[in-house]
Amino acid sequence: MRIERLDESTRKNILENLLKRSPNQYGEYEGAVAEILADVKERGDAALFEYTRRFDGAEIDGPRVRVTEDEIKEAYGLVDEGLVTIIRKALKNIRVYHEKQRQYSWFDSKPDGTMLGQKVTALFRVGVYVPGGKAAYPSSVLMNVVPAKVAGVEEIIMVTPPGKDGKVTPTTLVAAHEAGVDVIYKAGGAQAIGALAYGTESIPKVDKIVGPGNIYVALAKKAVYGHVSIDAIAGPSEILVIADETANPRYVAADLLSQAEHDELASAILVTTSEVLAEKVSEEAEKFTAELSRGEIIRKSLDNYGYILVAKDMEEAVRTANEIASEHLEIQTKNPYEVMMKIRNAGAIFIGEYASEPLGDYFAGPNHVLPTNGTAKFFSPLSVDDFIKKSSIIAYSKEALREVHEDIEAFAAAEHLTAHANSIKVRFEGQENEKGGTDHEPDSDL
């Protein structure tokens, strides 16, 4: 891995280089995606099935587009029982963690006749996109489905591309069934996003689409935002490790490569205050790359977006981490909790040498769907919050409104919105206009 002295110029160049990986930079694909979406919106199932034949090589029609119970039972027979047990253990951890995120409606009544509150309601129907083929990640199924279930979403629909044989990857089906998906459809790519966004004869329109996918899926989600809600526009995976002289270079190198193996656009960065550690991590990374099965992808990833940056002190290291705002941030220092308190921008923070990033990917419980490409500066991990909406509650008695109606009318008049003012005023027509006045006409003199 390349080793560079950290300074303002280095930091600026790295930030610019990392931003090149954003899906927003791939405008040449937008036209093709828009064409697919428009076709699915116009022709529904007919277009969906045609694209499935073209891109997935599978003959899928109306009756076959939905995964059957028999197919799910068959999948259990094809997945190792040990893996099913592990999925269930991970599922429990993920559920327990997300249950702590639940929000509840609240109402605040006062003696003056006012009642204010907030009503929390789960989304009705959510679509989960899951990649298919060799890129089958049952962990991603769990991470996207569990918070929706915990939130109380009534119907969870999953779409995933079939193989040429018209079947779905067994581990995907098992994970979906264990997590509680209601319906699974054999559809992938931008056409599946279109089906979820607009609805077809077979696939109902959803309220929100979540889940990872390739550049076509990412751009399709971006295009349908507004017709439906989406989780985020996901970019390539990334990791940043802050380490000092106390860190184990072998651990650090292994953790960096755990993300570099995702694809050639993945980013792996070490920011350290130790030149000695920098050299050792570079050496260990070379050794691992030569041994690991995805060594070619790792090497290209490190050549493109891998850095070892030597900072003058921990303050500079933290400042750099906050500017990069990495998806995954590991802290392997003498006082990791002290460093953690200074971190403002990161998707997930892993503290200490035994909190390796894959722990979060698979098992610990926090969600592994995280903001990328610097968006951790303003986005959060996928959570129960993503599957609820909130409605404000307002109730006033006549007496409570009487106390403030003149103020409201004056405010509306100041904005030249006379209908607003009138909406309040009509409620006190023919009544005394003073605060605290009666709500009936005074007796006339005899």
Side-chain angles (χ1 to χ4, degrees), residues 1 6 89-90 92-101 139 142-143 146-147 237-262 266-274 276-278 280-281 284-285 288 306-311 313-372 374-385:
M1 292 182 68
L6 186 56
K89 289 180 180 179
K92 179 181 178 180
N93 292 343
I94 297 165
R95 184 184 296 114
V96 168
Y97 180 86
H98 286 84
E99 283 174 346
K100 298 181 187 301
Q101 297 177 338
S139 62
L142 305 184
M143 293 293 182
V146 170
S237 188
E238 53 199 32
I239 185 172
L240 187 147
V241 179
I242 297 177
D244 60 16
E245 70 283 355
T246 66
N248 185 318
R250 192 166 173 82
Y251 294 174
V252 173
D255 293 355
L256 291 170
L257 302 195
S258 73
Q259 295 308 291
E261 77 168 341
H262 271 293
S267 167
I269 300 173
L270 166 63
V271 184
T272 180
T273 53
S274 170
V276 174
L277 181 74
K280 289 182 178 179
V281 169
E284 293 292 346
F288 279 131
Y307 299 92
I308 296 177
L309 305 174
V310 180
D313 53 32
M314 191 54 64
E315 182 179 337
E316 184 178 50
V318 169
R319 185 169 66 253
T320 300
N322 280 329
E323 288 183 13
I324 293 175
S326 185
E327 176 188 18
H328 307 98
L329 173 67
E330 290 189 3
I331 302 174
Q332 299 190 34
T333 62
K334 183 178 180 180
N335 299 305
Y337 289 94
E338 180 181 326
V339 175
M340 181 268 290
M341 294 302 295
K342 298 176 182 178
I343 296 298
R344 178 179 292 273
N345 305 319
I349 303 173
F350 300 79
I351 300 174
E353 64 180 9
Y354 292 104
S356 176
E357 188 279 334
L359 179 66
D361 272 352
Y362 297 112
F363 208 76
N367 210 287
H368 78 196
V369 180
L370 305 168
T372 58
T375 60
K377 291 178 180 177
F378 44 82
F379 281 146
S380 304
L382 191 72
S383 71
V384 171
D385 290 352

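Along the sequence shown, the residues carry numbers beginning at 1. Computed from a predicted structure; not experimentally measured. Side chains included, hydrogens not; waters and symmetry mates left out as well; all remaining heavy atoms used.
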* To do: Kindly say whether R319 contributes a backbone atom to a donor-acceptor pair with the side chain of K342 at under 3.5 angstrom?
  => no
* Asked: Listed by chain and number, what are the salt bridge (Lys or Arg N to Asp or Glu O under 4.0 Å) partners of E315, not counting sequence neighbours?
  -> none
* Using a cut-off of 6.0 Å, state whether more than 12 heavy atoms not belonging to F378 lie near its atom CZ. => yes
* Asked: Between E327 and E238, is there a donor-acceptor pair closer than 3.5 Å when you use the side chain of the first and the backbone of the second?
  -> yes
* From CD (E284) to CG (L277), nearest 0.5 Å -> 10.5 Å
* **NZ/K334: more than 12 non-hydrogen atoms of other groups inside 6.0 Å** => no
* Asked: How many angstroms lie between CG in L256 and CG in L270, if you round to the nearest 0.5 Å?
  -> 6.0 Å
* Going by heavy atoms in the side chains, are V339 and M314 under 4.5 Å from each other? -> yes
* **Heavy-atom check, side chain of E245 versus side chain of V276, under 4.5 Å** => no
* Is there a donor-acceptor pair closer than 3.5 Å between any side-chain N or O of N322 and the backbone N or O of R344? -> yes
* **Distance in Å, H98 NE2 paired with S383 OG, rounded so as to fall on 0.5 Å steps** => 6.5 Å
* Okay, side chain of N93, backbone of F363: is any donor-acceptor separation there less than 3.5 Å? -> yes
* Asked: Under the side chain to side chain contact (heavy atoms under 4.5 Å, CB included) criterion, do H368 and Y362 qualify, and how do the steps go?
  -> CA-CA 8 Å; H368 78 196; Y362 297 112; over 6 Å; no
* **Inter- and intrachain pairs under salt bridge (Lys or Arg N to Asp or Glu O under 4.0 Å), touching residues 351-363, at least two apart** => none
* Are any non-hydrogen side-chain atoms of S274 and K280 less than 4.5 angstrom apart? -> no
* **Gap between atom OG of S326 and atom CD1 of I343 - 0.5 Å precision** => 10.0 Å
* Asked: Are S356 and D255 linked by a side-chain donor-acceptor pair shorter than 3.5 Å?
  -> yes
* Please answer whether the main-chain N or O of D244 pairs with a side-chain N or O of T273 as donor and acceptor at a distance below 3.5 Å. => no
